[in-house]
Amino acid sequence: MRISKKFFTRDVLEVAPDLLGKFICRKFKDGSIQRNFIVEVEAYRGEEDMACHARFGKTRRNQVMYEEGGKIYVYLIYGMYWMLNIVTGGKADPQAVLIRGVEDLTGPGRVGKWLLLDKSFYGEDVTTSKRLWIEQGSIFGKFFVKQTSRIGVDYAGEWAKKPWRFVLVERRK
DNA sequence: ACAAAGATCCGT
DNA sequence: CGGATCTTTGTA
């Protein structure tokens with residue numbers, strides 16, 4: 001079952017950890033569907049968050065973050081990698097979750113490459129899209145959630161220290 | 001109009 | 001540790 005709007009319109013700090021273990025579902029051009037559960041995410045929260053793309057206010061690139069939760073925010077980084085984010089919160093409340101890793105595929109650049117993302121996904125809605133959506137996961141007692149600071153945002157000063165990265169770690173023995 | 005940096009990854 | 005590769009953004 002596809003996860004619906006209400007899930008994504010909550011605050012990003014609730015949505016981000018809740019996305020762990022959920023399936024990211026992608027229907028490719030040939031009709032095949034891949035489902036991989038999410039193992040690593042980061043929360044970016046509002047204009048005051050100096051690590052967030054909304055820190056300069058609304059711009060051409062980040063405008064979709066100001067929409068209601070559920071929209072897809074993709075952008076190209078280092079001229080090579082498409083980063084996948086899902087917008088959260090209400091309208092005019094710029095927040096998003098960066099999907100940094102799915103099962104067997106760690107690293108946001110690798111996720112985008114595997115899902116064959118590009119500019120055309122910008123602004124699409126995971127609650128209605130025919131090619132990218134989220135489904136309830138089936139992870140029970142095997143993992144626990146580890147919280148750390150966000151990766152690659154040293155420019156953000158004190159905000160870089162916020163424990164807004166969430167990772168699923170396999171419980172051992 | 002220009003320069004600089006970037007929510008990264010890979011090979012050496 | 002440096003190169004790839006190009007868009008976005010601040011500054012003038």
Check side chain to side chain contact (heavy atoms under 4.5 Å, CB included) between [X] and all other residues, then give those that pass, not counting sequence neighbours.
X     : result
A/K71 : A/V64, A/E67, A/V87, A/D125
A/F56 : none
A/M80 : none
A/E40 : A/R100, A/R165, A/V167

Subject >> Nearest-Å distance once atom P is located in both C/dG2 and B/dA5 >> reply: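 My reading of the P atoms in C/dG2 and B/dA5 gives 15 Å.
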**OP:** Under 4.0 Å from any heavy atom of chain A: name the first and the last nucleotide of DNA chain C that qualifies, 5' to 3'.
**Re:**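 The contact span of chain A on DNA chain C goes from C/dA4 to C/dG10.
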Subject >> All side chain to side chain donor-acceptor pair (under 3.5 Å) counterparts of A/S4, not counting sequence neighbours >> reply: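 Once residues adjacent in sequence are excluded, A/S4 has no partner under the side chain to side chain donor-acceptor pair (under 3.5 Å) criterion.
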**OP:** Linking directly or through intermediates, with side-chain heavy atoms under 4.5 Å: list the remaining ILVMFWY members grouped with A/L116, chain and number order.
**Re:**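 ILVMFWY cluster around A/L116 also holds A/F28.
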**OP:** Output the rest of the hydrophobic cluster of A/W133: all Ile, Leu, Val, Met, Phe, Trp and Tyr residues reachable through side-chain heavy-atom contacts under 4.5 Å, sorted by chain and number.
**Re:**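 Grouped by the 4.5 Å side-chain rule, A/I33 form the rest of the cluster around A/W133.
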Subject >> Which residues share a ring pair (Phe, Tyr, Trp, His ring centres under 6.0 Å) with A/F143, sequence neighbours left out >> reply: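 Checked A/F143 against ring pair (Phe, Tyr, Trp, His ring centres under 6.0 Å); matches are A/F37.
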Which side-chain N or O atoms in residues 15-25 of chain A pair as donor and acceptor under 3.5 Å with protein atoms at least two apart or in another chain?
{"from": "A/D18", "atom 1": "OD2", "to": "A/R10", "atom 2": "NH1", "distance (Å)": "3.0"}
{"from": "A/D18", "atom 1": "OD2", "to": "A/R10", "atom 2": "NH2", "distance (Å)": "3.0"}
{"from": "A/K22", "atom 1": "NZ", "to": "A/D18", "atom 2": "O", "distance (Å)": "2.9"}

**OP:** Give the B/S/- string for nucleotides 1-12 of chain B, one per nucleotide from 5' to 3', where a protein heavy atom under 4.0 Å of the base yields B, of only the sugar-phosphate yields S, and otherwise -.
**Re:** -----BBBBS--
**OP:** Ignoring hydrogens and angles, state whether a donor on the side chain of A/T9 or A/E68 is under 3.5 Å from an acceptor on the partner side chain.
**Re:**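 Per modelled atom types, A/T9 and A/E68 side chains form no pair under 3.5 Å.
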**OP:** Would you please enumerate the stems DNA chain B participates in, each stem being three or more consecutive Watson-Crick or G-U wobble pairs with both distances under 3.5 Å?
**Re:**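 The stems that DNA chain B takes part in, listed by first number, are B:1-6 with C:6-11, B:8-11 with C:1-4.
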